[in-house]
Amino acid sequence: MKHVVKILTLVVAVSAFWVALLQTSVIPPSHTWLLPIYFIVSLGCYGLLMVGVGVMYFPICPQEALLLQQDIKEAKEYLKGRGIDVGSDF
């Protein structure tokens, strides 16, 4: 629930800023209408950066790697119990 509130607060703040820019005409209207697109692209770049950082630091977290392998093993056993072919065991 906390994340939802953070996201909604951010969306409201960015929307208020955008509407304020539209009303005050500080930036030409042709550029102001592109701000939501810039915001979405920036958010996507931030997401890719966070995924990249997570992948970069994952190998130095051996306990997390072991937990992930254990989760994969449990999932395979669960699916095999349900009669779903999960491929070969490596």
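Scope of the values below: all heavy atoms of this structure, side chains included, with no hydrogens, waters or symmetry mates.
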Could you give the distance from OG1 (Thr9) to NZ (Lys6), rounded to the nearest 0.5 Å?
10.0 Å

State the CD1-CD1 distance between Ile37 and Ile40, to the nearest 0.5 angstrom.
7.0 Å

In terms of hydrophobic clustering (I, L, V, M, F, W, Y; side-chain heavy atoms under 4.5 Å; direct or indirect links), are Leu49 and Met56 co-clustered?
yes

Among Arg82, Glu74, Lys76, side-chain hydrogen bond (donor to acceptor under 3.5 Å, both in side chains) partner for Tyr78:
Arg82

Distance (rounded to the nearest 0.5 Å) between Leu10 CG and Leu43 CG
7.5 Å

Under 4.5 Å between side-chain heavy atoms, hopping through other hydrophobics if needed: is there a path connecting Val11 to Tyr46?
no

Stepwise side chain to side chain contact (heavy atoms under 4.5 Å, CB included) test for Lys73 and Gln69
CA-CA 6 Å; Lys73 190 176 185 181; Gln69 290 297 328; over 6 Å; no

I need the Ile72 CD1 to Leu67 CG distance, nearest 0.5 Å.
11.0 Å

